[in-house]
**Student:** 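My questions all concern the structure below.
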Amino acid sequence: MTDARDPLYSLRHSAAHLMAQAVTELYPGTKLAIGPPIEEGFYYDFEFPKSITAEDLPQIEARMQEISKRDLTIERLTRSRQEATALYSKSNQPYKLELIEAIPDGDPISFYEQGDWFDLCRGPHVNRTGQIRHFKLLSIAGAYWRGDERNRMLTRIYGTVWPTQAELDDYLNRLEEAKKRDHRVLGRELELFLFTPEVGSGLPLWLPKGAVLRETLEQFLKMEQQRRGYMPVVTPHIASSRLYAKSGHLSTFNNKMFPMMNDEEAHETFILKPMNCPHHIQIYASQTRSYRDLPFRLAEFGTVYRYEQSGELNGMLRVRGFTQDDAHLFVTPDQLQDEFKAVVDLMVTVLRKLNLQEYRLRIGVRDPEDDKYIGSDENWSAAETAIKQAVADLKMDYSISKGDAAFYGPKLDLMVRDALGREWQMGTVQVDYNLPERFELEYIGEDGKPHRPLMIHRAPFGSLERIIGLLIEHYAGAFPTWLAPIQVRVIPIADRHQSAASEIARQLRDAGYRSEVDVRNEKTGYKIRQAEVAKIPYMLVIGDRDIAAGTVSVRHRGEGDLGAVPIHQFMERLAADCN
RNA sequence: GCCGACGUGGCUCAGUGGUAGAGCAGCUCACUCGUAAUGAGCAGGUCCCCGGUUCGAAUCCGGGCGUCGGCUCCA
């Protein structure tokens with residue numbers, strides 16, 4: 001949250017102060033760091049004299065309520081640098097002293113005071129502590145001073161605050177809803193995937209139902225890509241370290257790669273691939289290419305391995321082995337704009353299919369302070385210009401994010417909002433002048449002379465792991481019919497209806513639908529309940545009446561009983577659902 | 001990686017030094033049933049792992065592994 005004019009900004013920032021005051025009163029000697037407002041609340045970082053736990057939060061919250069009731073006036077004061085420094089030296093607040101040092105000469109040094117408590121702060125704030133009423137402390141966590149892991153670890157307390165009780169309740173309900181949709185929980189309940197310590201952290205095992213989901217997404221995208229002139233390739237999961245030395249990964253991506261494998265006999269070192277591009281480049285470079293061959297589009301669902309820090313792993317959203325819906329497009333400079341736009345068009349098609357209608361574009365550019373990037377400044381600015389221009393031509397809005405580029409080039413990221421309004425990073429397109437240079441790629445132009453192509457790296461889903469994590473939470477596990485691992489469950493009422501039910505399931509499978517029969521000796525109501533819990537889109541109840549009339553009794557998940565229709569009529573409905 | 005919390009049958013959890021428990025899921029049997037839970041019975045656990053303390057450890061101590069919340073929002 002950055003807009004200081006937003007009234008929520010003041011409220012949240014003031015709530016952070018309120019919490020810091022409560023903490024100071026309860027735990028004298030606590031050192032204060034920073035406490036800004038954030039997207040949906042606020043936090044404050046403290047160095048406590050002795051460590052606290054989540055069990056202490058209710059007590060802090062109660063004290064906050066009490067200070068709110070005191071209804072103290074919140075006042076802004078300005079102090080000279082000398083006075084400010086003296087104030088914090090006396091009260092032993094090293095973090096505040098460091099913050100004062102960072103304030104440029106000439107800028108005012110302002111404080112906000114409420115009762116006998118004050119804090120160095122730019123403001124603005126609400127006028128009285130009594131205006132801060134509808135808040136809740138949420139969690140406690142560690143955070144480095146200034147976000148730098150070389151610094152001391154502080155204790156951060158997160159909270160949320162809203163203008164009204166109704167808005168607070170609404171927010172807390174949304175948190176509850178998010179918890180119910182947690183893809184890690186649903187992934188287990190719906191039997192989609194599994195992690196075991198024996199395989200290793202961040203290395204997912206796809207269960208049959210998850211694999212169906214994954215293959216369905218793959219098939220959809222493969223079809224779109226085939227239509228758009230992509231060619232499939234398949235490359236190995238490992239490569240000689242020489243390949244990655246040449247690409248620059250070895251020096252710039254080193255800390256993210258799994259330890260290397262040594263083949264001492266062959267005097268060779270192998271690397272588990274962290275990206276597919278060098279492999280695809282080998283394919284491009286294996287022949288002399290003509291300008292007539294370009295754009296040359298190589299696509300692969302390529303599995304890559306990255307050694308993410310253990311604490312960063314998070315279900316399917318952050319894993320160590322994952323499959324990108326990757327492709328590399330080798331183009332002439334003239335083709336760049338059109339190809340780039342075609343990629344954005346493909347991405348929009350994918351979003352529409354997945355019913356993710358709310359999204360924005362983020363252009364990730366270099367952080368000039370960082371030296372992890374390869375290639376010349378000219379290449380970088382050419383690539384950046386190309387992306388901005390293509391996006392401008394498409395009349396799409398974008399934001400710029402410094403430091404979010406890949407090491408070989410800037411990128412355009414697709415930021416998607418799910419059903420709960422949460423934002424996720426999905427697909428990405430990157431323009432790359434640098435790897436073609438490193439690998440000395442060429443094509444023969446109309447002039448009969450060699451020229452250097454450009455590369456576009458792109459992945460509309462991003463990775464199958466992440467997109468499926470996103471989709472699970474977006475749909476709360478209730479996938480649309482075309483994606484659902486089981487589309488139809490046939491439910492015979494009694495034993496004597498089993499063969500008719502199996503016949504119906506077989507007909508559906510013959511027609512290409514995923515269907516199964518619940519043959520257990522259970523009551524119909526119970527089988528329906530279990531199918532609903534399993535979030536299967538269609539249930540077909542088969543009893544004497546249906547067998548006599550040649551119909552199936554259709555029930556849709558969430559919609560209830562839809563009545564009896566002939567099987568062919570039900571299949572038409574299925575087909576309409578799946579197109 | 002770092003800080004903190006947590007780790008007991010497939011799942012959710014109870015059990016705080018004295019022979020491991022419940023509900024759900026599973027299996028078996030009976031019931032043969034028309035749109036969100038039929039009943040009874042059975043089975044299932046090296047209490048994450050390794051070491052230590054103790055007559056005795058799920059429980060206490062140490063180490064490891066795993067999971068979760070954070071470490072990006074900079075007075």
Side-chain angles (χ1 to χ4, degrees), chain A residues 1-2 12-13 16-17 20 32-45 51-55 84 88 93 95-96 98-103 107-112 118-123 125 138-158 182 184-185 188-189 191 194-198 200-202 255 307-315 401 403-404 491-498 520-533 539-546 553-564:
Chain A
M1 165 154 243
T2 49
R12 290 182 174 154
H13 202 165
H17 277 205
L32 306 176
I34 53 166
I38 53 174
E39 187 82 34
E40 288 172 315
F42 59 90
Y43 69 77
Y44 211 113
D45 287 346
S51 65
I52 67 159
T53 70
E55 270 130 54
Y88 276 134
Q93 291 290 355
Y95 302 105
K96 293 297 179 189
E98 210 177 310
L99 292 171
I100 290 170
E101 268 173 52
I103 298 175
D107 282 17
I109 299 183
S110 60
F111 288 80
Y112 279 78
F118 61 87
D119 196 7
L120 174 73
C121 184
R122 186 191 292 140
H125 281 278
L138 298 173
S139 62
I140 184 164
Y144 297 106
W145 168 236
R146 299 190 159 227
D148 189 327
E149 65 184 12
R150 287 164 302 192
N151 288 338
R152 175 189 267 277
M153 176 73 69
L154 305 172
T155 304
R156 175 172 296 180
I157 302 177
Y158 282 93
D182 190 320
R184 295 167 299 197
V185 176
R188 186 177 58 228
E189 285 176 0
E191 297 174 10
L194 173 75
F195 291 90
T196 70
E198 287 75 13
S201 17
N255 59 343
Y307 197 78
E308 303 292 349
Q309 293 194 90
S310 59
E312 301 220 333
L313 300 174
N314 178 350
S401 177
D404 272 324
I491 299 176
I493 287 175
D495 288 352
R496 65 178 177 281
H497 310 123
Q498 273 184 20
R520 294 170 309 164
N521 279 340
E522 298 290 351
K523 288 201 155 176
T524 309
Y526 182 71
K527 291 184 186 178
I528 284 173
R529 178 185 155 73
Q530 295 225 315
E532 290 273 354
V533 169
M539 290 146 267
L540 296 183
V541 178
I542 305 300
D544 292 334
R545 292 206 298 265
D546 297 286
S553 292
V554 182
R555 181 189 168 99
H556 186 273
R557 160 191 75 195
E559 288 174 31
D561 192 350
L562 301 176

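Naming convention: chains lettered A, B, ... in sequence-line order (proteins, then strands); numbering from 1 in each chain.
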**Student:** With a 4.0 Å cutoff (strictly under), does any side-chain N or O of R152(A) reach OP1 or OP2 of C2(B)?
**Tutor:** no
**Student:** For U67(B) and R184(A) - does any side-chain N or O of the residue sit under 4.0 Å from the phosphate oxygens OP1/OP2?
**Tutor:** no
**Student:** Sort out the partner of G23(B) for me: Watson-Crick or G-U wobble, both distances under 3.5 Å, none otherwise.
**Tutor:** C11(B)
**Student:** Are any of S310(A)'s side-chain N or O atoms less than 4.0 Å away from OP1 or OP2 of G1(B)?
**Tutor:** yes
**Student:** What pair of heavy atoms forms the shortest contact from L99(A) to A33(A), and how long is it?
**Tutor:** CD1-O, 4.0 Å
**Student:** Rounded at 0.5 Å granularity, tell me how far CD1 in I493(A) sits from CZ in R545(A).
**Tutor:** 7.0 Å
**Student:** Is there side-chain contact between V533(A) and Q530(A), with at least one heavy-atom pair below 4.5 Å?
**Tutor:** no
**Student:** Please give the nucleotide sitting opposite C29(B) as a Watson-Crick or G-U wobble pair, both distances under 3.5 Å, or none.
**Tutor:** G39(B)
**Student:** Name the orientation class of the two ring planes belonging to F118(A) and F111(A) (parallel below 30°, tilted from 30 to 60°, perpendicular beyond 60°).
**Tutor:** perpendicular
**Student:** Taking only Lys NZ, Arg NE, NH1 and NH2, and the carboxylate oxygens of Asp or Glu, determine whether R184(A) and D182(A) approach each other closer than 4.0 Å.
**Tutor:** yes
**Student:** Report which part of the nucleic acid R520(A) touches: base, sugar-phosphate, or nothing (heavy-atom distance under 4.0 Å, all strands).
**Tutor:** sugar-phosphate
**Student:** Counting the atoms with a prime plus P, OP1 and OP2 as sugar-phosphate, which does I100(A) contact under 4.0 Å by heavy atoms, base, sugar-phosphate, or nothing?
**Tutor:** nothing
**Student:** Determine the contact category for P492(A): base if any of its heavy atoms lies under 4.0 Å from a base atom, sugar-phosphate if only primed atoms, P, OP1 or OP2 are that close, otherwise nothing.
**Tutor:** nothing
**Student:** Hey, what's the ring geometry for H13(A) with H125(A), parallel, tilted or perpendicular (30° and 60° as the breaks)?
**Tutor:** tilted
**Student:** Quote, to the nearest angstrom, the C1' distance that separates A30(B) from G23(B).
**Tutor:** 23 Å
**Student:** Take atom CD of E189(A) and atom C1' of C11(B), then tell me their distance rounded to the nearest Å.
**Tutor:** 8 Å
**Student:** Just verifying a value: how many Å separate R152(A) CZ and D45(A) CG, rounded to the nearest 0.5 Å?
**Tutor:** 12.5 Å
**Student:** Should A58(B) form a Watson-Crick or G-U wobble pair with both distances under 3.5 Å, which nucleotide is its partner?
**Tutor:** none
**Student:** Over how many whole Å does the gap from N255(A) atom CG to C2(B) atom P extend?
**Tutor:** 16 Å
**Student:** Under 4.5 Å between any side-chain heavy atoms of W145(A) and I34(A), yes or no?
**Tutor:** yes
**Student:** Rounded to the nearest 0.5 Å, how far apart are CG of L562(A) and NE2 of H556(A)?
**Tutor:** 7.5 Å
**Student:** Is S110(A) touching bases, backbone alone, or none of the nucleic acid, heavy atoms closer than 4.0 Å?
**Tutor:** base
**Student:** Are side-chain heavy atoms of D546(A) and L540(A) found at a separation under 4.5 Å?
**Tutor:** no
**Student:** Tell me what Y112(A) touches on the nucleic acid: a base, only sugar-phosphate, or nothing, going by heavy atoms under 4.0 Å.
**Tutor:** nothing
**Student:** Check every strand shown and say whether E312(A) touches a base, only sugar-phosphate, or nothing at a heavy-atom separation below 4.0 Å.
**Tutor:** base
**Student:** Which heavy-atom pair separates M153(A) from A143(A) by the least distance, and what is that distance?
**Tutor:** SD-N, 3.1 Å
**Student:** Mark up nucleotides 33-42 of chain B, 5' to 3', with B wherever a protein heavy atom is under 4.0 angstrom from a base atom, S wherever such an atom reaches only the sugar-phosphate, and - elsewhere.
**Tutor:** BBBBBB----
**Student:** Considering only atom P, compute the distance from G56(B) to G18(B) and round it to an integer number of Å.
**Tutor:** 14 Å
**Student:** Atom OH of Y44(A) and atom C1' of C74(B): how far apart are they, to the nearest Å?
**Tutor:** 12 Å
**Student:** Hey, which sits more toward the 5' end of RNA chain B by its nearest nucleotide, F195(A) or E308(A)?
**Tutor:** E308(A)
**Student:** Take atom P in A58(B) and the same atom in C49(B), then report the distance between them in whole Å.
**Tutor:** 10 Å
**Student:** In whole angstrom, what separates I157(A)'s CD1 from C3(B)'s C1'?
**Tutor:** 14 Å
**Student:** Taking only the P atom of each, what is the distance from C31(B) to G69(B) in whole angstrom?
**Tutor:** 50 Å
**Student:** Could you measure between the two C1' atoms, the one in G1(B) and the one in C11(B), and give it in whole Å?
**Tutor:** 32 Å
**Student:** Side chain of R156(A) only, please: which of C71(B), A75(B), G1(B) is the nearest?
**Tutor:** C71(B)
**Student:** Mind calculating the distance between CE (M153(A)) and C1' (G4(B)) to the nearest angstrom?
**Tutor:** 9 Å
**Student:** Let me know the distance between NZ of K96(A) and P of C74(B), rounded to the nearest Å.
**Tutor:** 14 Å
**Student:** Given the C1' atoms of U16(B) and C61(B), what is the spacing between them in whole Å?
**Tutor:** 15 Å
**Student:** My understanding is that a pair needs two contacts under 3.5 Å, Watson-Crick or G-U wobble. By that rule, which nucleotide pairs with C47(B)?
**Tutor:** none
**Student:** Does Y307(A) contact G1(B) through a side-chain donor or acceptor facing the base, at a distance under 3.5 Å?
**Tutor:** no
**Student:** Report the base-pairing partner of A5(B) (Watson-Crick or G-U wobble, both distances below 3.5 angstrom), or none.
**Tutor:** U67(B)
**Student:** Take atom P in C47(B) and the same atom in A20(B), then report the distance between them in whole Å.
**Tutor:** 10 Å
**Student:** Tell me the interatomic distance from E191(A), atom CD, to G10(B), atom P, rounded to whole angstroms.
**Tutor:** 14 Å
**Student:** I'd like a list of close polar pairs between nucleotides 43-48 of chain B and the protein, N/O only, cut-off under 3.5 Å.
**Tutor:**
none

**Student:** What's the gap between C24(B) and A40(B) when it is taken at their P atoms, as a whole Å value?
**Tutor:** 10 Å
**Student:** I'd like to check Y44(A) versus D119(A) (side-chain heavy atoms, cut-off strictly below 4.5 Å). Are they in contact?
**Tutor:** yes
**Student:** Starting at CG of D148(A) and ending at C1' of C73(B), how long is that distance when rounded to a whole Å?
**Tutor:** 16 Å
